[in-house]
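Working notes for the structure below.
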Amino acid sequence: MDNKNLLNSKEIDIILNRLACQLVENHGDFSNTVLIGIQPRGIYVLNRLQTILQNENKLTNLVTGQLDITFYRDDFRRREEPLQANTTSINTILENKRVVLIDDVLFTGRSIRAALTAIESYGRPSDIELLVLIDRRFSRNLPIQPTYLGKQVDAVNNEKVNVEWYKNKSKNVISLIQKSN
Amino acid sequence: MKQLSVQHLLGIKNLKKEDLHLIFENADHFKEVINRPIKKVPSLRDITIANLFFENSTRTKLSFELAEKRLSADVINFSASQSSVKKGETLIDTVNNILAMKVDMVVMRHPMVGAAKFLSQHVDAKIINAGDGTHEHPTQAILDTYSIREKLGDITGKKIVIIGDVLHSRVALSNIYALLLLGAKVKVCGPPSLIPKHIASLGIEVEYNLEKALQWCDVANILRVQHERMDVKYFPSTREYAQLYGVNMHLLSKLGKKIVVMHPGPINRGVEITSDVADSGHSIILDQVENGVATRMAIVYLLAQQIKR
């Protein structure tokens, strides 16, 4: 399998720090903001951003949540492999809140479409933004664009953007891999 | 495991342990869903479900209907008392007429043993057994074991006694299958006339003394005395039944430990269970009702996942 590294751990760090700064620029003290990681892999990005915002920006009152979109997906009964749900944990009402959805890779936009529907179950936010680490441009099925963006990548359909998170963050890597089929 | 090993939910007897764990895992997610401000997900919006109740039901019917609606399925309801069954239509004809209206899944309660299995062999739809005569009531057993798991954690090795009218109870049989599958120790307790003759062959014990049974157990699942299924007298009087097999606070306070008390409903207060027990901290009767919706959502969801068009 041909692997092409897109970002090494240091570059990921720089990008996450930049994204955190952009969030602070728009959300100030985050008093009316809720950061929501999309299960399963958006949670890693959320956790890293949360650590930066807490340590570097001294924001200790961050409200965060984890959202699973399995029951909102548009490919239920259309896949070979059955879907398996993950935990959702949002312990706040989102009515009139500013919500930032966080995911690792934006591809077709369908997950985000599902997340937008799922979020409605917790109230009507005043606005919803989208933060992604990697944007696979030119591969969107729906008119969805990120508000905050780590890096744009051009990838063809038989390639997959692979984001590997490790406990030891110096090993983190984002790469482009060829799918076997 | 990501999929059920069965095509229909006809009874616990056909299930594997992994099926129950899969249903429990999904029920955990759906329990979170039904505690949201908006308690609905769109997964089943292109699925139509018919609830056919050829026998009276309040809890099960409402619970299924709510579970289906929370999954965004289209739901039609049917009660035998208001239907052409009274005019002599056969079961297959009734169901096929309903299926001609493009129904994907049938939830059926029927007074005849094996009715759900019979239907699954003759019609092209997913079948969920919501109780067939005195045979099985699988969704009740799933919500009961889910409620025990929620209260006490892993069911393996837990001691559960099923008390009362075991003879007429489909809840008892399904519960026994589910509990044994999950590795629990099971006893039944009741008057000899209401304990089936060969019940011990299922791998459980029979205890005729209520006090001893309660002393032994971690969980007491108390069954309703089913007067409507009794064609002859099985015990001399309701008063005598209540005295010998009714669970009251006096008995529970003598145990020296706190046990969990369950009842599938409807309760005959003052017969098999007194009000002070039913409304006490021992009782998880209302948790059972809430869990009924979450577990039925999981079952309907997992079966709907298998429907390919």
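In what follows, chains are A, B, ... by sequence order, proteins preceding strands, each numbered from 1.
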If I measure from the heavy atoms of chain B, does Y122(A) come under 4.5 Å with its side chain, its backbone, both, or neither? both
Measure R73(A) against the heavy atoms of chain B and call it side chain, backbone, both or neither at under 4.5 Å. backbone
Which label fits H122(B) and F118(B): parallel for a plane angle under 30°, tilted from 30 to 60°, or perpendicular past 60°? tilted
Please walk me through it: do I69(A) and T117(A) pass side chain to side chain contact (heavy atoms under 4.5 Å, CB included)? CA-CA 9 Å; I69(A) 56 155; T117(A) 315; over 6 Å; no
So which atom in I15(A) and which in G150(A) form the shortest heavy-atom distance, rounded to 0.1 Å? CG2-CA, 3.5 Å
Output for pair (Y44(A) OH, D104(A) CG), nearest 0.5 Å, gives 9.5 Å
Scan K61(B), E68(B), R109(B) and name whichever one has a side chain to side chain donor-acceptor pair (under 3.5 Å) with N51(B). E68(B)
Closest contact, heavy atoms only, S126(A) versus R98(A): OG-CG, 3.6 Å
My understanding is that only residues two or more places apart in sequence, or in another chain, count here; which of them pass side-chain contact (heavy atoms from CB on, under 4.5 Å) with D103(A)? I38(A), I112(A), V132(A)
Show me the donor-acceptor pairs, under 3.5 Å and distance only, between side chains in residues 295-303 of chain B and residues at least two apart or in other chains.
| residue | atom | partner | partner atom | Å |
| --- | --- | --- | --- | --- |
| T295(B) | OG1 | N291(B) | O | 2.8 |
| T295(B) | OG1 | G292(B) | O | 3.2 |
| R296(B) | NE | T139(B) | OG1 | 3.3 |
| R296(B) | NH1 | S63(B) | OG | 2.7 |
| R296(B) | NH2 | T139(B) | OG1 | 3.2 |

Chain A: which of D28(B), I47(B), L71(B) shares the most heavy-atom pairs with it under 4.5 Å? I47(B)
Flag the pair Y148(A) / N26(A) as yes when at least one side-chain heavy-atom distance between them is below 4.5 Å, and no otherwise. yes
Would you mind reporting whether V106(B) and I98(B) have side-chain heavy atoms less than 4.5 Å apart? no
Side chain proximity check, L83(A) to D75(A), heavy atoms < 4.5 angstrom: yes
Max heavy-atom pairs within cutoff under 4.5 Å with chain A, candidates D46(B), L44(B), N26(B), goes to D46(B)
Segment of E81(A) engaging chain B (4.5 angstrom heavy-atom cut-off): side chain
Applying a criterion of heavy atom separation less than 4.5 Å, what residues of residues 29-40 of chain B form contacts with chain A? H29(B), F30(B), E32(B), V33(B), R36(B), P37(B), I38(B), K40(B)
Side chains of F107(A) and N141(A): closer than 4.5 Å at any heavy-atom pair? no
Residues of residues 56-63 of chain A within contact distance of chain B, non-hydrogen under 4.5 Å: none
Could you tell me which portion of I93(A) (side chain, backbone, both or neither) has an atom closer than 4.5 angstrom to a non-hydrogen atom of chain B? side chain
